[in-house]
Structure formats: C-alpha cells, structure tokens
**Q** 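Before I ask anything, let me first share the structure, which is written out below as structure tokens.
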Amino acid sequence: IAEDMVQPLNFENIPNVRFLDEQYLYTDFDPEGAYSVPYTWGTVGLIYNTQYVDEEDTHSWDILWDERYMGEILMFSNSRDSFSIALKRLGYSMNSTSEEELRDACESLKDQKMLVQAYVMDEIFDKMEGEEAMIAPYYAGDAITMADENPNLAFSIPDEGTNRFIDSICIPSNAKQKEAAEMYINFLCEPEVAAQNIEFIGYSTPNLAAYELLDEDMQQNEIAYPSQEVLSKTEAFVFLPAETSTLMDKLWTEVLSNDENYSKWTIPAFLLVGILFSIGINVRRMLLKKKENMM
C-alpha cells in the first residue's frame, strides 16, 4: 500500500464481504479495510511426532532448544518467523523493535543452531511426513494436511504465545481487469465456495457463513479453531520500521554463519546426549516397523 503496488477495492462488486468476520477485515496492514479481503487465517505452532516426542514438552518453545532432540529439530528458514519464536520464548513481543531484545533473540538462535537438523520451509512436508525429523514449527493449516498423511503427527501451540496470521487477497495497481478481479474475489467469498476451499487446504476461514457449512468435527478442531484462551496469547505481525527489519536480517545472517567456539566440553556433552537420544529413537523406529511388518 505504501509503495502504491495495490489499489483500493470497489466493494460494490464484492457484496459477499458481508459474510466475513469483521475482526479480520480491519488489520494493522490495512486498517480501513480498503485494499484487501481476508481469505484464510491461522496460527504458528509445533508439529511433532507423537511416537518419539513427549507431549508435555510441546507446551513450550523450549523444546526447540532441548538437546535431547538434537538433530531431530527443524527450524524456519526465514528471519521473521525464527526471530518471533525466539522473542516469544524470551518473554518479548514478536514485534519488538528493541535492539537489545533482538540481540538477545539472536544469541538464543545461535545457541539453538547446533541442535537444528535443517532450516526449512516447504521441505518440512517430506521431512515430517517421512519421519526424517521429529519436531518443527509451522503453520496450523499445513499441520492438518501433514497429519492426514501421517497420523503420528500432532500440533501444539506453546504457552508463551505465537503468531496469528491472516492471508488476504488484493489487486495489483497495474491490473487491467480490476472489475473482473473483484468479481472473482466475490466468488471466493461465496459461503459454499469458501467452505470447499478451506476444507481442501486445511486453513481456517474468516467467512462466518462458510464456517457454518463445515462439518462439526472441523468446527471443533482445535488446530484450525483454537480456544479464545489460546488466541488471547497470539500476536499478529505488524509492519516493522525499516531499521528494525534491516537489523533483524543482519542478525539472521549472523545466526546462519555462526561458527562460535563452544568450550571443549560443551560440544562433546551435547553430542553424547544427542547420540544416546538418537539411538533410542532409531531403536524405537526399528521396533515399530518390526511390529507393523508382523501385523
């Protein structure tokens, strides 16, 4: 909006916005609701394998720093999501503009690095579904999709709180068929259409009429539609000042390139714990496969 890359919408061509929950219409990125229409929403949480991960450990972001899961942890490969987790874990806002707090988060992410198997985005699907890793932060809608492929996967939102996001539709300022685009947005907001789309992609709908068309199991699915108590601990990303974004990107580069020297005893100790835990996980994998083959 600030760079004039999208244009205001003519809502006379989008009458189906009347079905949308107003809390998703007026946002920090579009406070007057003039440029965008919400399509989906969701939360970030922990996807984990119930066969190898203790459910009690998944109530805190601390699990992503737990040396017992060394080599079984995946992490976001982008700065904003990774810093938001580290900030929430430290008790800060994920929209912090404090240089001190961002540097604290940076040091925390550096400490975590030796435990991380890989920094990923879409690769998470193959790794978690194929049980190549045991724990990862990711989006709730995709967690539902992954759990459909592998029923051993579950999802948890840590007690420290997390990100609640909105995916919205807008029209580029250079669009040649603006009215047709608005008609298409209106089509996507038709309750039956919105319900079918949301059932297919697994994310949460801001369309109140579409929600009423979902089956009861989905309406009560706590991954897609968390309780108000859980949602009260969430934050939406806000547009950060340029200097904050620049600093975060600089610190993220430090994290990825970090070769900080640990004490001569720290690495062997972490490795020993990680190896022992990994042996335990692999033995359990073998036993489970043997049991499946016998069945």
Side-chain angles (χ1 to χ4, degrees), residues 1-44 76-85 87 93-99 102 105 119-124 137-142 162-190 193-194 197-198 200-208 210 234-253 256:
I1 295 172
E3 296 177 10
D4 196 30
M5 294 179 67
V6 295
Q7 56 184 305
L9 303 175
N10 179 359
F11 284 94
E12 290 185 4
N13 296 325
I14 317 174
N16 285 335
V17 293
R18 68 185 187 276
F19 296 120
L20 302 179
D21 189 333
E22 285 195 1
Q23 67 175 310
Y24 301 108
L25 284 170
Y26 307 104
T27 62
D28 178 78
F29 57 82
D30 186 10
E32 296 180 4
Y35 292 83
S36 63
V37 171
Y39 179 54
T40 69
W41 65 273
T43 58
V44 172
F76 279 117
S77 65
N78 71 77
S79 59
R80 190 71 195 272
D81 279 318
S82 290
F83 267 84
S84 72
I85 290 172
L87 287 164
S93 167
M94 64 185 187
N95 293 307
S96 175
T97 58
S98 163
E99 180 173 345
L102 288 169
Y119 294 92
V120 299
M121 290 306 295
D122 287 345
E123 305 95 317
I124 190 175
Y138 218 61
Y139 311 113
D142 293 321
T162 191
N163 173 220
R164 176 163 39 154
F165 57 84
I166 303 170
D167 292 333
S168 298
I169 311 168
C170 55
I171 300 178
S173 55
N174 63 349
K176 296 179 180 179
Q177 300 290 340
K178 181 173 183 285
E179 184 176 355
E182 289 165 343
M183 292 171 67
Y184 180 65
I185 293 173
N186 190 60
F187 167 74
L188 291 174
C189 292
E190 289 182 10
V193 174
N197 283 341
I198 235 64
F200 182 76
I201 64 177
Y203 278 73
S204 310
T205 182
N207 190 311
L208 297 174
T234 62
E235 290 183 82
F237 283 151
V238 301
F239 189 70
L240 296 174
E243 58 269 24
T244 300
S245 295
T246 300
L247 174 61
M248 187 180 292
D249 288 340
K250 175 177 177 292
L251 294 175
W252 181 236
T253 301
L256 296 182

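Excluded from the calculations below are hydrogen atoms, water molecules and symmetry mates; all remaining heavy atoms, backbone and side chain alike, are included.
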**Q** Atom CD of E235 and atom OG1 of T162: how far apart are they, to the nearest 0.5 Å?
**A** 9.5 Å
**Q** Are any non-hydrogen side-chain atoms of F29 and S168 less than 4.5 angstrom apart?
**A** yes
**Q** Return yes if some donor-acceptor pair links the side-chain N/O of N163 with the main-chain N/O of T234 below 3.5 Å, else return no.
**A** no
**Q** Give a yes or no on whether E12 atom CD has more than 12 heavy-atom contacts from other residues, nucleotides or ligands under 6.0 Å away.
**A** no
**Q** Side-chain contact, heavy-atom cut-off 4.5 Å: P8 with Y35?
**A** yes
**Q** Got a second to check how far L20's CG is from L25's CG, nearest 0.5 Å?
**A** 5.5 Å
**Q** Name the one of Y138, W252, F83 that satisfies ring pair (Phe, Tyr, Trp, His ring centres under 6.0 Å) with F76?
**A** Y138
**Q** Under 3.5 Å, side chain of N95 to main-chain N/O of V238, donor-acceptor pair present?
**A** yes
**Q** Examine distances only and state if a side-chain atom of D167 and a backbone atom of T40 form a donor-acceptor pair shorter than 3.5 Å.
**A** no
**Q** Which class fits the ring pair Y139 and F165: parallel under 30°, tilted 30 to 60°, perpendicular over 60°?
**A** perpendicular
**Q** Return the minimal non-hydrogen interatomic distance between P172 and Q7, and the atom names on each side.
**A** O-NE2, 2.7 Å
**Q** Output yes when a side-chain donor or acceptor of N186 lies under 3.5 Å from a complementary backbone atom of N16, and no otherwise.
**A** yes
**Q** Tell me the closest heavy-atom pair linking A210 and A194, and the distance in Å.
**A** CB-CB, 3.7 Å
**Q** To check you understand the geometry: which heavy-atom pair defines the closest contact between N207 and C189, and what is its length?
**A** ND2-O, 2.9 Å
**Q** Rounded to the nearest 0.5 Å, what's the gap from OG1 on T205 to OH on Y39? Could you check?
**A** 9.0 Å
**Q** With a 3.5 Å distance limit and no angle check, can you tell me whether S173 reaches the backbone of D4 through a side-chain donor-acceptor pair?
**A** yes
**Q** If only atom types and distance count, is the side chain of T43 paired as donor or acceptor with the main-chain N or O of A140 below 3.5 Å?
**A** no
**Q** Okay, side chain of S84, backbone of D81: is any donor-acceptor separation there less than 3.5 Å?
**A** yes
**Q** Around atom CD of E22, are there more than 12 heavy atoms of other residues, nucleotides or ligands at under 6.0 Å?
**A** no
**Q** To the nearest 0.5 Å, tell me how far L251 CG sits from T246 OG1.
**A** 11.0 Å
**Q** Do you know which two heavy atoms are closest between M248 and L102, and how far apart they sit?
**A** CE-CD2, 3.9 Å
**Q** Is the closest side-chain heavy-atom distance between V17 and L9 below 4.5 Å?
**A** no
**Q** Mark yes when over 12 heavy atoms from residues, nucleotides or ligands other than Y119 sit less than 6.0 Å from its OH; otherwise mark no.
**A** yes
**Q** Check the surroundings of atom CE in M121: do more than 12 heavy atoms from other residues, nucleotides or ligands lie under 6.0 Å from it?
**A** yes
**Q** Considering non-hydrogen atoms only, spot the tightest contact between Y24 and I166 and give its length.
**A** CD2-CD1, 3.6 Å
**Q** Could you list the residues that satisfy side chain to side chain donor-acceptor pair (under 3.5 Å) with S36, not counting sequence neighbours?
**A** D30
**Q** For the atom pair CG (D21) and CH2 (W41), what is the distance rounded to the nearest 0.5 Å?
**A** 9.5 Å
**Q** Run the side-chain contact (heavy atoms from CB on, under 4.5 Å) test on K178 and N10 for me, step by step, so that the C-alpha distance in whole Å, both residues' side-chain angles and the decisive distance to 0.1 Å come before the verdict.
**A** CA-CA 9 Å; K178 181 173 183 285; N10 179 359; 3.9 Å; yes
**Q** What's the shortest heavy-atom distance between R164 and Q23, and which atoms?
**A** NH1-OE1, 3.7 Å
**Q** Quick check: do T253 and D249 have side-chain heavy atoms less than 4.5 Å from each other?
**A** no
